[in-house]
There are 2 protein chains.
Amino acid sequence: MSQTASIKDVATHAQVAVGTVSNVLNYPDRVSQRTKERVLKSIAELGFVRNDAARQLRAGQSRTIGLIVLDVGNPFFSSVARAAEDAATALGSVVLVGDSGQDASREAHYMDLFQEQRVQGLLISPVGNVSERIDTLRERGVPTVLVDELADTERCSSVSVDDQEGGYLAARHLLDTGRRRLAFVGTTSIRQVASRLKGAQRAVTEVNGATIEVLDSAGQTVLAGRQVGNKLVERDPAERPEAVFCSNDLLALGVMQSLTMLRTVRIPEDIALIGYDDIDFAISAVVPLSSIRQPTEALGRTAIELLAEEQDSGGTKHRAVVFTPELVVRQSTAGA
Amino acid sequence: MSQTASIKDVATHAQVAVGTVSNVLNYPDRVSQRTKERVLKSIAELGFVRNDAARQLRAGQSRTIGLIVLDVGNPFFSSVARAAEDAATALGSVVLVGDSGQDASREAHYMDLFQEQRVQGLLISPVGNVSERIDTLRERGVPTVLVDELADTERCSSVSVDDQEGGYLAARHLLDTGRRRLAFVGTTSIRQVASRLKGAQRAVTEVNGATIEVLDSAGQTVLAGRQVGNKLVERDPAERPEAVFCSNDLLALGVMQSLTMLRTVRIPEDIALIGYDDIDFAISAVVPLSSIRQPTEALGRTAIELLAEEQDSGGTKHRAVVFTPELVVRQSTAGA
DNA sequence: CGTAACAAATGAAACGATTCAAAGACGAGT
DNA sequence: ACTCGTCTTTGAATCGTTTCATTTGTTACG
């Protein structure tokens, strides 16, 4: 009783064949009421629990879906992850979450892991170049859905938000409220960030005399934001931008901390500030933060839906769903 | 080539026995240089990837550790989870994270799941009464470590933070800064929350004329905090508490949002506010939030260490590690 | 040259579930 | 009593890996 009982133990105990026990578990209708009861009783008495490894081995596939995100600590991703989990649970699957931390080797590590686990499918916000690996996976019947990244629909499906449009919305809003010398803060090596910048630059070209300066940050965290903010504070006031667009809210909150720390810079009077993602904490910031809202629940849910579509079609049909972001105006970009 | 190659395919391709391939993977020293190279070449050519299910089945145990938290969206837990993941990775294990959402049935669901997966061990912040299930698991050789909850060391190990002390520290600080009519906000049905309240009450009894009112919240989220905050705003100013102690920072941020929304209540002049957890966002709040800091990284890391100890000792030795929380004073509780 | 000692390679058995062709049980119809 | 059809049950084969007792190959030494 100390060790775990197997289906064979249950069969012996209930005096039936192993196949019958299996049927009770998987096709209850095939089994007569009497034996079903007897088997269930034995299962309860022995405390039998299915061995998922054995089941998977036989099935050749797990009921697991792999999800690789750039940072689980980032509310944007944790929200997407939660939505994906809920949707997957409804389909009887489990989501395994891996955090790449924007590190290509960690990303590769998780891909290896998921491949060993024979996951049903993969949802990924890629860091490195993973297209070859995705091709390999597809050949092997493991569909992939890119998350927060537009896919070539020849290869796989994707759910994303129009980052260029989001960048445009943010910059346009800053320009519309009278700011001209803008700064962009973000890790531009990340594709989404680069797109947001591109959108912002487009908005800037539409307005005469507007400029945008790019400040690269070491990551997309609150800490990285604080570092950039400190540099801004050190500058001669005349050299400071009139408005700062951060590629996510964590960065923006970090920048805000630095700027407001010494009370020499006022937000939004001296410098307007806008973030991206509209995380829950944006509204509670020192100065409530304007932001670009992304439909995280829809992203997570749709990712799972597309994965199911891929599976149903045998990995032949791909679809790229693009959501549109939304400007949320708060005090940090109030009147010029 | 479309389907996944098995170890047998590799063996055939490299013209060796399956056992040899297995040895190349698991005991490279037992294999001669020549064959090792040949096998590795075949592995690369066939794109062989280990089938983890088969390996687990044979091993009788997985390299997976289950972690069940109350809410992954809560930075406290995501930080603990990340630390645990890092520590587990160093030991060659993977952490599977389940979010119970403070729902006993979801918690049970994840426990079932983890048991089917034959996890190496379980880390859990319990919601419901799980002690019997933990006993069952222990009998079956699956050690459990309670996270953020003190364990009876007769049964299992635990890592926790002294919640009563934390509650005491928070309330004492409010009292020390001259506040007398306190309010406590939290979901008191959660044990940690109840302990924090108890500690706070202890501090209150030490000071003449001090009182503490308990406001139960529907959950421990920003939203729940906003609801409580709205009720406070609706009250006659004379009826409002002088200081509010929230059982976590999310709640506190929510309360802060409500109180500062209409600018009728000033923090900390009219109402002082202190939270719990000291999440990254606490410092960036409208009014930087005082809080009680918990050593999340140490919690996660130690949890994995204790799990390893349990495994080494065959589940006989248990240890309860209790960390001490720390008061972090910011503007939200500034001078009386 | 014989043999002991060691290294390397072998391949069948085992892990625990699912599947499926085959056998068994039972009742109805003739 | 016999056959047919339906419902239930059986148990061997299978999935892919690891393990380990055994065989095969090689070297060293007397």
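Residue numbers begin at 1 in each chain, while the letters A, B, ... track the order of the sequences.
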Query raised in the report: Using the C1' atoms of the five pairs at each end, what is the angle between the end axes of the helix from C:dC1-D:dG30 to C:dT30-D:dA1, to 10°?
Result: 60°
Requested in this report: Rounded to the nearest angstrom, tell me the gap between atom CG in B:Asn51 and atom C1' in D:dG16.
Outcome: 6 Å
Report task. Not counting sequence neighbours, which residues clear side chain to side chain donor-acceptor pair (under 3.5 Å) with B:Gln294? List them please. Result -> B:Asp277
Query raised in the report: Regarding B:Asp148 and B:Gln192, is there a side-chain donor-to-acceptor distance under 3.5 Å anywhere?
Result: yes
Let me have the donor-acceptor pairs involving side chains of residues 315-323 of chain A, under 3.5 Å, with sequence neighbours excluded, atom names and distances please.
{"unit_1": "A:Thr316", "atom_1": "OG1", "unit_2": "A:Ser313", "atom_2": "O", "d": "2.8"}
{"unit_1": "A:His318", "atom_1": "ND1", "unit_2": "A:Glu310", "atom_2": "OE1", "d": "3.4"}
{"unit_1": "A:His318", "atom_1": "ND1", "unit_2": "A:Glu310", "atom_2": "OE2", "d": "2.7"}
{"unit_1": "A:His318", "atom_1": "NE2", "unit_2": "A:Arg155", "atom_2": "O", "d": "3.2"}
{"unit_1": "A:Arg319", "atom_1": "NE", "unit_2": "A:Glu309", "atom_2": "OE1", "d": "3.1"}
{"unit_1": "A:Arg319", "atom_1": "NH2", "unit_2": "A:Glu309", "atom_2": "OE2", "d": "2.8"}

Requested in this report: Can you tell me which residue pairs pass the side chain to side chain donor-acceptor pair (under 3.5 Å) test with a partner in residues 16-25 of chain B, sequence neighbours excluded?
Outcome: B:Ser22-B:Asn26
Query raised in the report: Of all nucleotides in DNA chain C with an atom under 4.0 Å from a non-hydrogen atom of chain B, which is the first and which the last going 5' to 3'?
Result: C:dA8 to C:dG16
Report task. Give every residue pair that meets the salt bridge (charged side-chain N to carboxylate O under 4.0 Å, His left out) criterion with at least one member in residues 32-42 of chain A, sequence neighbours excluded. Result -> A:Lys41-A:Glu45
Query raised in the report: Can you list every pair that meets salt bridge (charged side-chain N to carboxylate O under 4.0 Å, His left out) and has a residue in residues 86-99 of chain B, with sequence neighbours left out?
Result: A:Arg82-B:Asp99, A:Arg106-B:Asp86
Report task. To the nearest Å, give me how far apart CD (A:Gln117) and C1' (D:dT17) are. Result -> 15 Å
Query - Protein-to-nucleotide contact annotation, 5' to 3' order, nucleotides 4-14 of chain D [B base; S sugar-phosphate only; - none; under 4.0 Å, heavy atom] - result: ----SSBBBBB
Requested in this report: Measure the distance from CZ on B:Arg50 to C1' on D:dT18 and round it to the nearest whole Å.
Outcome: 10 Å
Query raised in the report: Under the side chain to side chain donor-acceptor pair (under 3.5 Å) test, which residues partner B:Thr221, sequence neighbours left out?
Result: none
Query raised in the report: With side chains defined as the heavy atoms from C-beta onward, is the minimum distance between A:Leu67 and A:Ile65 less than 4.5 Å?
Result: no
Query raised in the report: At under 4.0 Å between heavy atoms, what does B:Asp52 touch on the DNA or RNA strands: base, sugar-phosphate, or nothing?
Result: nothing
Query raised in the report: Looking for any heavy atom pair under 4.0 Å, which part of the strands does B:Ser6 touch: base, sugar-phosphate only, or nothing?
Result: sugar-phosphate
Report task. Go through the structure and list residues passing salt bridge (charged side-chain N to carboxylate O under 4.0 Å, His left out) with B:Glu149, not counting sequence neighbours. Result -> B:Arg191
**Report entry** Residues forming a salt bridge (charged side-chain N to carboxylate O under 4.0 Å, His left out) with B:Arg133, sequence neighbours excluded
**Finding:** B:Asp112
Query raised in the report: So which pairs with a foot in residues 55-70 of chain B pass side chain to side chain donor-acceptor pair (under 3.5 Å), sequence neighbours left out?
Result: B:Asp52-B:Arg63
